[in-house]
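Inspection log for the structure reproduced underneath, given as structure tokens.
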Amino acid sequence: MSTLYVTDLDGTLLAPDKRLTEKTVAIVNGLLEQGLLFSVDTARSIMGIELLHLDRIRFRLPLILMNGALLYDLSAGRIVDAALMDGDTVARVLALCREGGKAPFLYRAAGDMVTVHFTDRINVQEAEFLTERRRSHPDWFFQAADYGPPAPAVYFSMQDTYERLESIGRRLEELPQVSHVLYEDNYHKDNWYMEIFSAEGGKDNGMRRLQHRIGAGRTAAIGDNFNDLPMLAAADLALVVENGQPEVKAAADRIIGANDRDGVALYLQEFAALD
């Protein structure tokens, strides 16, 4: 029975400095040459993975991006599947965010790229996020006083305190057309991310869509943070790195090595043929 392995990036496959180690790259590429079915399942966007130089790993399968909203062929630079929110849903989400004091980054698909729309109402951490990505992809960002007329979109993202974002999350439960995740930043203490996407997205549904696409018999998911919980629950085998959040580790079938010790790659090297 063929097993599809999907791994989160930040806090999981990546070392604490946001990098792929040479050891991880070498091990994973060797396993891919032997036929390992392997992909990532991450909250990062196309821009986010390009900042990592993720193409050092010779992926043969589409990547699952933006918490399952996109399937993306990295080698071809092509979006192969997208779960979109319609214009009316986008407008309702923006209204709820506005009532909660937030103006999120709004992501729209444009061919095989994703454009990002935002206003000037961003905080310090969001400004850092923007600066890092705008430096390498200046033509993908559009700032205006508002978000323009209602139109389909892929994703919303924002950063703030847990309390502020959690209050918006409670209101989002009124919209069955969307799902959202709230999780702590791996790199900045007391900073939290909230991401909102179609109910057809989600790390779990993205994994299922990729599994169906390639005809894999079972799935194994690897994660560390709260937004990985749906993916872990949906997988046949749930793996969590040693540095994972305690609540996430409690959901694991097996705890593997930490991300500062190439835990994902070493697990795959030792056990992938046996699972």
Side-chain angles (χ1 to χ4, degrees), residues 1-44 48-49 52-65 67-68 71 74 183-184 186-187 202-204 206-211 213-275:
M1 184 180 294
S2 57
T3 299
L4 167 65
Y5 288 85
V6 298
T7 181
D8 176 53
L9 288 175
D10 296 274
T12 307
L13 186 67
L14 301 181
D17 61 0
K18 303 186 188 183
R19 295 180 184 274
L20 290 167
T21 69
E22 295 295 337
K23 185 173 185 178
T24 282
V25 171
I27 290 172
V28 172
N29 278 335
L31 293 170
L32 289 172
E33 289 294 326
Q34 297 171 35
L36 178 71
L37 299 178
F38 181 70
S39 184
V40 303
D41 198 343
T42 178
R44 283 182 178 256
I49 61 167
L52 302 173
H53 304 292
L54 205 64
D55 57 357
R56 293 170 60 206
I57 294 178
R58 296 187 289 273
F59 289 100
R60 302 183 177 200
L61 302 180
L63 309 183
I64 306 162
L65 305 183
N67 283 308
L71 298 185
L74 180 61
Y183 61 99
E184 192 169 8
N186 280 302
Y187 308 108
K203 286 194 169 191
D204 51 348
M207 179 178 67
R208 291 186 184 106
R209 297 203 310 275
L210 181 57
Q211 179 187 14
R213 187 181 187 90
I214 67 173
R218 64 196 296 266
T219 55
I222 314 171
D224 76 298
N225 213 332
F226 298 110
N227 65 326
D228 296 319
L229 285 169
M231 168 182 79
L232 295 167
D236 295 294
L237 178 64
L239 305 166
V240 177
V241 285
E242 177 60 38
N243 56 285
Q245 295 282 353
E247 297 93 331
V248 182
K249 289 165 71 173
D253 295 315
R254 189 176 303 169
I255 305 299
I256 67 174
N259 72 323
D260 63 353
R261 298 193 298 277
D262 299 286
V264 172
L266 290 174
Y267 174 85
L268 294 172
Q269 185 179 54
E270 185 170 2
F271 293 106
L274 304 176
D275 288 330

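Since this is a predicted model, take the numbers as computed values, not measurements.
The CG atom of Leu71 sits 5.0 Å away from atom CZ of Arg209, with the distance rounded to the nearest 0.5 Å. Here the CG atom belonging to Leu61 is positioned 5.0 Å from the CD1 atom belonging to Ile214, to the nearest 0.5 angstrom. Taking CG of Asp262 as the reference point, atom CD of Gln269 lies at 10.0 Å (rounded to 0.5 Å). Separation of atoms CG (Asp204) and CZ (Arg208) is listed at 5.0 Å; rounding is to 0.5 Å. Put simply, CG on Asp228 and CG on Leu239 are 11.5 Å apart, with the number rounded to the nearest 0.5 Å. In this structure, CD1 on Ile27 lies 12.0 Å from CG on Leu32, to the nearest 0.5 angstrom.
For the residue pair Tyr187/Asp10, the side-chain donor-acceptor check at 3.5 Å is satisfied. A donor-acceptor pair shorter than 3.5 Å can be found between the side chains of Asn67 and Asn227.
Annotation: cation-pi geometry satisfied between Arg254 and Phe271 (NZ/CZ under 6.0 angstrom from ring centroid, within 45° of ring axis).
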In sequence, state the C-alpha distance, the side-chain angles, and the governing distance for Ile57 and Leu13, and then conclude on side-chain contact (heavy atoms from CB on, under 4.5 Å).
CA-CA 12 Å; Ile57 294 178; Leu13 186 67; 4.3 Å; yes

Between Lys18 and Asn186, is a side-chain contact (heavy atoms from CB on, under 4.5 Å) present by the stated rule, with each step listed?
CA-CA 10 Å; Lys18 303 186 188 183; Asn186 280 302; over 6 Å; no

Assess whether side-chain contact (heavy atoms from CB on, under 4.5 Å) is satisfied between Val241 and Tyr267, documenting all intermediate values.
CA-CA 10 Å; Val241 285; Tyr267 174 85; over 6 Å; no

Does the side-chain contact (heavy atoms from CB on, under 4.5 Å) test come out yes or no for Ile64 and Met231, once each step is laid out?
CA-CA 11 Å; Ile64 306 162; Met231 168 182 79; over 6 Å; no

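Every side chain to side chain donor-acceptor pair (under 3.5 Å) that Glu242 has, sequence neighbours left out, goes to Lys249. Not a single ring-ring contact (aromatic ring centres under 6.0 Å, His included) links Phe226 to another residue, sequence neighbours left out.
The main-chain N or O of Asp41 is found under 3.5 Å from a side-chain atom of Lys203 such that the two form a donor-acceptor pair. For the pair Thr219 (side chain) and Asp236 (backbone), a donor-acceptor distance under 3.5 Å is present. The main-chain N or O of Leu268 is never found under 3.5 Å from a side-chain atom of Tyr5 such that the two would form a donor-acceptor pair. Judged by distance alone, the side chain of Arg56 and the main-chain N or O of Leu20 form a donor-acceptor pair under 3.5 Å. For the pair Ser39 (side chain) and Pro62 (backbone), a donor-acceptor distance under 3.5 Å is present. Of the possible polar contacts, none joining the Asn243 side chain to the Ala258 backbone as a donor-acceptor pair under 3.5 Å is found.
The shortest side-chain heavy-atom distance between Arg44 and Leu52 falls under the 4.5 Å cut-off. Leu229 is listed as a side-chain neighbour of Val248, based on a closest heavy-atom distance under 4.5 Å. Using a 4.5 Å heavy-atom cutoff, the side chains of Thr12 and Val264 are in contact.
Residues Asp8 and Asp224 share a closest heavy-atom pair of OD2-OD1, 2.8 Å. What you find for Glu184 and Asn225 is that their closest heavy atoms are O-ND2, 2.9 Å. When all heavy atoms of Met207 and Val6 are compared, the closest pair comes out as SD-CG2, 3.6 Å. When all heavy atoms of Thr24 and Thr21 are compared, the pair lying nearest together is N-OG1, 3.0 Å. Residues Ser2 and Ala216 approach most closely at OG-CA, 3.4 Å, considering heavy atoms.
With Phe38 as the partner, the side-chain contact (heavy atoms from CB on, under 4.5 Å) test is satisfied by one option alone out of Thr7, Leu31, Thr3: Thr7.
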